[in-house]
Amino acid sequence: MQTGELISVNFDSGVLNGAHVLESARTLRDLEGVFRDEAAYRAMDPSKVIYRTQFFLPVPEGLEGGLFWGTTFIEPGRVGDEYFMTKGHFHAKRDRSEYYVTAAGSGALILMAEDGATHAQFMTPGSVHYIPGHTAHRVANTGDTRLSFLACWPSDAGHDYQTIAEHGFSARLRCIDGKPELVAER
Ligand code: PAN
Ligand code: ZN
(Lines give C-alpha, C1' and ligand atoms only; values in the text may rest on other atoms or scores of the structure.)
(Ligands and ions follow the chains in the order given, each with its own letter.)
Protein backbone atom coordinates (compact mmCIF):
# COMPACT_ATOMS: atom_id res chain seq x y z
CA MET A 1 0.00 0.00 0.00
CA GLN A 2 1.26 3.44 -0.92
CA THR A 3 0.88 5.97 1.87
CA GLY A 4 1.83 9.07 -0.13
CA GLU A 5 2.12 12.26 1.90
CA LEU A 6 0.06 11.08 4.85
CA ILE A 7 -1.29 13.64 7.29
CA SER A 8 -3.72 13.25 10.16
CA VAL A 9 -6.22 15.53 11.86
CA ASN A 10 -7.16 15.60 15.52
CA PHE A 11 -10.91 16.21 15.37
CA ASP A 12 -11.05 17.59 18.93
CA SER A 13 -8.45 20.31 18.43
CA GLY A 14 -8.27 20.53 14.65
CA VAL A 15 -4.49 20.11 14.82
CA LEU A 16 -2.88 18.61 11.70
CA ASN A 17 0.10 16.32 11.97
CA GLY A 18 2.45 15.22 9.26
CA ALA A 19 5.84 15.95 7.80
CA HIS A 20 4.40 18.13 5.05
CA VAL A 21 2.14 20.34 7.15
CA LEU A 22 3.06 24.04 6.80
CA GLU A 23 2.28 26.73 9.35
CA SER A 24 1.88 30.48 9.47
CA ALA A 25 0.70 33.08 11.98
CA ARG A 26 -0.99 36.48 11.79
CA THR A 27 -0.23 39.00 14.50
CA LEU A 28 -2.13 42.21 15.24
CA ARG A 29 0.54 44.02 13.20
CA ASP A 30 -0.55 42.00 10.14
CA LEU A 31 -4.16 43.09 10.66
CA GLU A 32 -3.64 46.81 10.22
CA GLY A 33 -6.87 48.45 9.04
CA VAL A 34 -9.01 45.38 9.75
CA PHE A 35 -10.68 46.56 12.98
CA ARG A 36 -12.83 49.68 13.17
CA ASP A 37 -11.60 50.87 16.60
CA GLU A 38 -8.18 52.33 15.69
CA ALA A 39 -7.47 53.60 19.23
CA ALA A 40 -8.12 50.18 20.77
CA TYR A 41 -5.95 48.60 18.05
CA ARG A 42 -3.04 50.99 18.73
CA ALA A 43 -3.21 50.35 22.49
CA MET A 44 -2.60 46.61 22.04
CA ASP A 45 0.65 44.65 21.64
CA PRO A 46 1.29 44.49 17.85
CA SER A 47 3.19 41.20 18.23
CA LYS A 48 0.16 39.41 19.70
CA VAL A 49 -0.76 36.38 17.60
CA ILE A 50 -4.45 36.58 16.60
CA TYR A 51 -4.61 33.43 14.49
CA ARG A 52 -2.46 30.66 13.16
CA THR A 53 -2.98 28.40 10.18
CA GLN A 54 -1.74 24.94 9.31
CA PHE A 55 -2.05 23.77 5.75
CA PHE A 56 -1.34 20.85 3.51
CA LEU A 57 -0.67 21.63 -0.15
CA PRO A 58 -0.19 18.26 -1.89
CA VAL A 59 -0.06 19.88 -5.34
CA PRO A 60 1.42 23.21 -6.55
CA GLU A 61 -0.59 26.37 -5.87
CA GLY A 62 -2.55 27.38 -8.93
CA LEU A 63 -2.96 23.85 -10.29
CA GLU A 64 -6.44 23.27 -11.65
CA GLY A 65 -8.21 20.21 -10.23
CA GLY A 66 -6.35 19.80 -6.92
CA LEU A 67 -7.55 20.40 -3.36
CA PHE A 68 -5.87 21.96 -0.33
CA TRP A 69 -6.56 21.20 3.30
CA GLY A 70 -5.94 23.33 6.39
CA THR A 71 -6.87 24.35 9.90
CA THR A 72 -7.20 27.86 11.32
CA PHE A 73 -6.89 28.57 15.05
CA ILE A 74 -8.25 31.94 16.21
CA GLU A 75 -7.48 33.10 19.74
CA PRO A 76 -10.30 34.51 21.89
CA GLY A 77 -10.32 38.28 22.35
CA ARG A 78 -11.50 41.58 20.97
CA VAL A 79 -10.22 44.83 19.54
CA GLY A 80 -12.71 47.33 20.94
CA ASP A 81 -16.10 45.67 20.46
CA GLU A 82 -14.99 43.50 17.51
CA TYR A 83 -13.99 39.89 17.99
CA PHE A 84 -10.61 38.60 16.86
CA MET A 85 -11.11 37.47 13.28
CA THR A 86 -9.39 36.52 10.06
CA LYS A 87 -8.58 39.08 7.38
CA GLY A 88 -11.09 37.51 5.04
CA HIS A 89 -10.91 37.27 1.27
CA PHE A 90 -12.61 36.51 -2.01
CA HIS A 91 -10.97 33.75 -3.99
CA ALA A 92 -8.88 35.20 -6.82
CA LYS A 93 -10.75 32.83 -9.14
CA ARG A 94 -14.12 34.08 -8.02
CA ASP A 95 -16.16 30.97 -8.76
CA ARG A 96 -14.08 28.71 -6.48
CA SER A 97 -15.94 27.41 -3.42
CA GLU A 98 -14.75 25.99 -0.09
CA TYR A 99 -15.80 23.97 2.96
CA TYR A 100 -15.20 24.98 6.57
CA VAL A 101 -15.87 22.50 9.41
CA THR A 102 -15.67 23.61 13.04
CA ALA A 103 -13.50 21.47 15.32
CA ALA A 104 -13.48 23.43 18.60
CA GLY A 105 -14.79 26.65 20.11
CA SER A 106 -17.54 28.90 18.88
CA GLY A 107 -17.66 31.66 16.35
CA ALA A 108 -19.27 33.05 13.27
CA LEU A 109 -18.56 32.72 9.58
CA ILE A 110 -19.30 36.02 7.87
CA LEU A 111 -20.18 35.70 4.20
CA MET A 112 -20.43 38.59 1.76
CA ALA A 113 -21.72 38.31 -1.81
CA GLU A 114 -20.19 40.49 -4.52
CA ASP A 115 -23.15 42.90 -4.27
CA GLY A 116 -22.28 43.46 -0.59
CA ALA A 117 -25.11 41.37 0.91
CA THR A 118 -23.68 39.95 4.14
CA HIS A 119 -24.87 37.29 6.55
CA ALA A 120 -23.36 35.18 9.31
CA GLN A 121 -23.51 31.48 10.19
CA PHE A 122 -22.84 30.32 13.73
CA MET A 123 -19.92 27.95 14.11
CA THR A 124 -19.96 25.24 16.75
CA PRO A 125 -18.06 21.92 16.94
CA GLY A 126 -19.18 19.76 14.04
CA SER A 127 -20.87 22.51 12.04
CA VAL A 128 -20.22 22.25 8.29
CA HIS A 129 -20.19 25.43 6.21
CA TYR A 130 -20.31 25.52 2.44
CA ILE A 131 -18.85 28.77 1.07
CA PRO A 132 -20.09 29.25 -2.49
CA GLY A 133 -18.01 30.93 -5.17
CA HIS A 134 -18.20 34.72 -5.55
CA THR A 135 -18.47 35.03 -1.75
CA ALA A 136 -15.98 36.72 0.57
CA HIS A 137 -15.45 34.82 3.84
CA ARG A 138 -14.09 35.73 7.24
CA VAL A 139 -14.34 34.02 10.66
CA ALA A 140 -14.66 35.68 14.07
CA ASN A 141 -14.09 33.94 17.40
CA THR A 142 -17.08 34.87 19.60
CA GLY A 143 -16.18 32.53 22.47
CA ASP A 144 -13.77 32.51 25.42
CA THR A 145 -11.62 29.69 24.06
CA ARG A 146 -9.62 29.08 20.90
CA LEU A 147 -11.75 28.53 17.79
CA SER A 148 -10.46 25.88 15.37
CA PHE A 149 -11.90 25.03 11.99
CA LEU A 150 -10.86 22.80 9.13
CA ALA A 151 -10.97 24.02 5.55
CA CYS A 152 -10.83 22.40 2.12
CA TRP A 153 -10.46 24.56 -1.00
CA PRO A 154 -9.38 24.20 -4.64
CA SER A 155 -5.67 24.52 -5.35
CA ASP A 156 -6.32 27.12 -8.06
CA ALA A 157 -8.66 29.31 -5.93
CA GLY A 158 -6.02 31.86 -4.91
CA HIS A 159 -6.69 34.64 -2.38
CA ASP A 160 -7.80 38.17 -3.16
CA TYR A 161 -7.12 40.16 0.03
CA GLN A 162 -6.88 43.46 -1.82
CA THR A 163 -10.61 43.91 -2.47
CA ILE A 164 -11.32 43.47 1.25
CA ALA A 165 -8.41 45.76 2.21
CA GLU A 166 -9.89 48.48 -0.01
CA HIS A 167 -13.61 48.08 0.63
CA GLY A 168 -13.90 45.93 3.78
CA PHE A 169 -16.97 43.83 4.56
CA SER A 170 -20.30 45.67 4.46
CA ALA A 171 -21.12 44.47 7.99
CA ARG A 172 -19.07 43.88 11.13
CA LEU A 173 -19.63 41.36 13.89
CA ARG A 174 -19.62 43.41 17.08
CA CYS A 175 -20.08 42.50 20.72
CA ILE A 176 -23.20 44.40 21.80
CA ASP A 177 -24.53 43.89 25.34
CA GLY A 178 -22.28 40.83 25.56
CA LYS A 179 -23.67 39.20 22.42
CA PRO A 180 -22.44 39.01 18.81
CA GLU A 181 -24.41 41.17 16.42
CA LEU A 182 -23.83 41.76 12.72
CA VAL A 183 -23.94 45.52 12.22
CA ALA A 184 -24.18 47.08 8.73
CA GLU A 185 -21.37 49.51 7.90
CA ARG A 186 -23.16 51.63 5.38
C1 PAN B 1 -8.74 29.57 4.79
C2 PAN B 1 -8.15 30.92 5.26
C3 PAN B 1 -7.72 30.95 6.72
C4 PAN B 1 -7.12 32.31 7.13
O5 PAN B 1 -7.77 28.59 4.75
O6 PAN B 1 -7.08 31.27 4.40
O7 PAN B 1 -8.83 30.71 7.52
O8 PAN B 1 -7.95 33.39 6.77
P9 PAN B 1 -7.40 34.52 5.80
O10 PAN B 1 -6.82 33.82 4.60
O11 PAN B 1 -8.60 35.34 5.44
O12 PAN B 1 -6.34 35.27 6.53
C13 PAN B 1 -9.37 29.82 3.43
O14 PAN B 1 -10.42 30.41 3.35
N15 PAN B 1 -8.69 29.43 2.33
O16 PAN B 1 -9.18 29.68 1.10
ZN1 ZN C 1 -10.96 30.86 1.21
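Order of listing sets the numbers, starting from 1, for every ligand and every atom in it.
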Look at atom OH of Tyr161 and say whether more than 12 heavy atoms of other residues, nucleotides or ligands are closer to it than 6.0 Å. yes
For His91, the atoms of ligand 1 under 4.0 Å from one of its heavy atoms are 16 (O)
Flag the pair Tyr83 / Asn141 as yes when at least one side-chain heavy-atom distance between them is below 4.5 Å, and no otherwise. no
As a test of reading the structure, name the N/O/S atom of His91 that is nearest the Zn ion (ligand 2). NE2
I'd like to check whether Gly88 has a polar contact with ligand 1, where a contact means an N/O of the residue lying under 3.5 Å from an N/O of the ligand. yes
Name of whichever N/O/S atom of His89 is nearest to the Zn ion (ligand 2): NE2
If you count the atoms of ligand 1 from 1 in the order shown, which ones are under 4.0 Å from a heavy atom of His137? 14 (O)
For the backbone of Glu181 and the side chain of Arg174, can you confirm whether one donor and one acceptor N or O come within less than 3.5 Å of each other? no
Tell me the closest heavy-atom pair linking Ile131 and His137, and the distance in Å. CG2-ND1, 3.6 Å
Options Tyr100, Tyr161, Phe149, ranked by nearest heavy atom to atom 1 (C) of ligand 1, top entry: Tyr100
Please examine the side chains of Thr135 and Glu98, heavy atoms only from C-beta on, and report whether any two atoms are closer than 4.5 Å. no
At under 4.0 Å between heavy atoms, is it the side chain or the backbone of Phe55 that contacts ligand 1, or both, or neither? neither
Out of Glu98, His89, Arg96, whose heavy atom sits nearest atom 2 (C) of ligand 1? His89
The closest protein heavy-atom partner of atom 8 (O) of ligand 1 is Thr86 CB, 3.5 Å
Fit a plane to each ring of Phe149 and Tyr100, take the angle between them on a 0 to 90° scale, and name the class: parallel (under 30°), tilted (30 to 60°) or perpendicular (over 60°). tilted
Take Tyr130 and Tyr99 through the ring pair (Phe, Tyr, Trp, His ring centres under 6.0 Å) test and state the conclusion after the steps. CA-CA 5 Å; Tyr130 178 68; Tyr99 274 113; 5.4 Å; yes
Glu64 atom CD: more than 12 heavy-atom contacts under 6.0 Å: no
Within less than 2.8 Å of the Zn ion (ligand 2), any N, O or S from His159? no
Whether Thr71 side chain and Gln54 backbone form a donor-acceptor pair below 3.5 Å: no
Nearest protein heavy atom with distance in Å, relative to atom 4 (C) of ligand 1: Tyr51 CE1, 3.8 Å
Find all atoms of ligand 1 within a distance of less than 4.0 Å from any non-hydrogen atom belonging to Thr72, and give their numbers and elements. 3 (C), 7 (O)
Given atoms OE1 of Glu98 and NE2 of His137, what angle do they subtend at the Zn ion (ligand 2), to the nearest 10 degrees? 90°
Quick one: look at Arg138 and ligand 1, take heavy-atom pairs under 4.0 Å, and tell me if it's side chain, backbone, both or neither. neither
